[in-house]
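Down below is the structure, laid out as structure tokens.
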Amino acid sequence: MTRVEVPPDSLFGPDNLPYGVYVPRGTDHRTGARVCTRLGDHIIDLSVALNDPDFASRDLNTFLARGPRRWREVREQLRELVDRDIHVEAIHRPAEVELLLPVRIADYVDFYASIDHATNLGRLFRPDSEPLLPNWRHLPVGYHGRSGTVVVSGTDIVRPRGQRRTDSGAPDFGPSRRLDIEAELGFVIGVGSELGTSIDTAEFADHVFGVALVNDWSARDIQAWEYQPLGPFLGKSFATSLAGWVTPLAALDSARVPLPDQVPEPLPYLRESEKWGLDIELTVRWNGQVVSHPPYSRMYWSPAQMLAHLTANGAATRTGDLYASGTISGPAPDQRGSFIELSWGGSEPVTLDGDTRTFLEDGDEVVITASAPGPGRRRIGLGEVRGRIRPVHESR
Ligand code: MN
């Protein structure tokens, strides 16, 4: 038994305690995976440290389905663990383990909740009309994505192929030339809801367990040709990257901030007694260089409003559902959460260490990190979502 020392400035201090799934490097993913938390510079195996069979699992779903009372109990147990000796067999160094997809994703929805992002994309895609379409301030616009292609941070992304419009107006077929990122925050549902019922904004915490960083890779040339009239399809569905850590909402109490004003006031089912967002600051690195700091605090639609809307028609939700915020962008150029915005449609290249870029080249790596205020002056880290672009001909 031993104590884990936590550096005082760690982003993974005793106020954070996120959940992930790991295997020791070289171990079989099907049999060797266990639920873990991160404390300082260590990975703690919860199946050993808490001696709880729910955590001898290759995903968080069993634990998520237990519901808010159990989530609180386990968080209390973890906080007690911080001040106790922990079984040495439960303690690993991050370099010795591989983080797996933490959640078996059920359904995946992606929203479009940043007013600055929606305005920028409206200007780029439809330069001759109002940037925001008439519905935008009345509902959180979204679409259903492809849950089977949600991959864990660190997974290489094969450049997608598809139809691209050419100068003649007719399409051709080939690798995307405008491959992009979308820096987003994802919400993980722990307790689902019955078909034919809706989740009120006030019931958010009964259902949503926590958050994780998302990179919603997007092929803008494929997207621009295919998206009307039914919305995103193959320009998005080839891969979506999810961070290895799910941060419970309970760790983000100090990060709650009031939402910016909504005008006009939304319909009653989207109203909240106290609308809140999260003061999460993201950082986007492109080949190691910081290119943007998207602020989640600026989002127009709240997490509870997005969930209320996605169930407003009576659609059921399930343990492991993931819904993401949509690209997080702020009003300043260095707060844009996609490269189509940073390079303004490819017309203003981004300078990277002696190199320039508009969209992603083969071999490029993007890493999105984030942190939020914790109690006192400490900060909570959300880990990272990382991905490198592989040329399409290398694909297996
Ligand atoms: Mn997106």
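All ligand and atom numbering here is 1-based and tracks the order in the structure.
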Residues, nucleotides or ligands: over 12 heavy atoms within 6.0 Å of Arg30 CZ:
no

Do the side chain of Thr319 and the main chain of Leu64 share a donor and acceptor less than 3.5 angstrom apart?
no

Would you name the heavy atoms of Pro373 and Ser254 that are closest together and state the gap between them?
O-CB, 3.6 Å

If only atom types and distance count, is the side chain of Thr119 paired as donor or acceptor with the main-chain N or O of Asp116 below 3.5 Å?
no

How about the Mn ion (ligand 1), which protein N, O or S atoms come within less than 2.8 Å?
Asp110 OD2, Glu182 OE1, Glu184 OE2, Asp216 OD2

Can Asp221 and Arg165 be counted as an ion pair, charged N to O under 4.0 angstrom?
no

Does the ring center of Phe339 lie less than 6.0 Å from the ring center of Phe359?
no

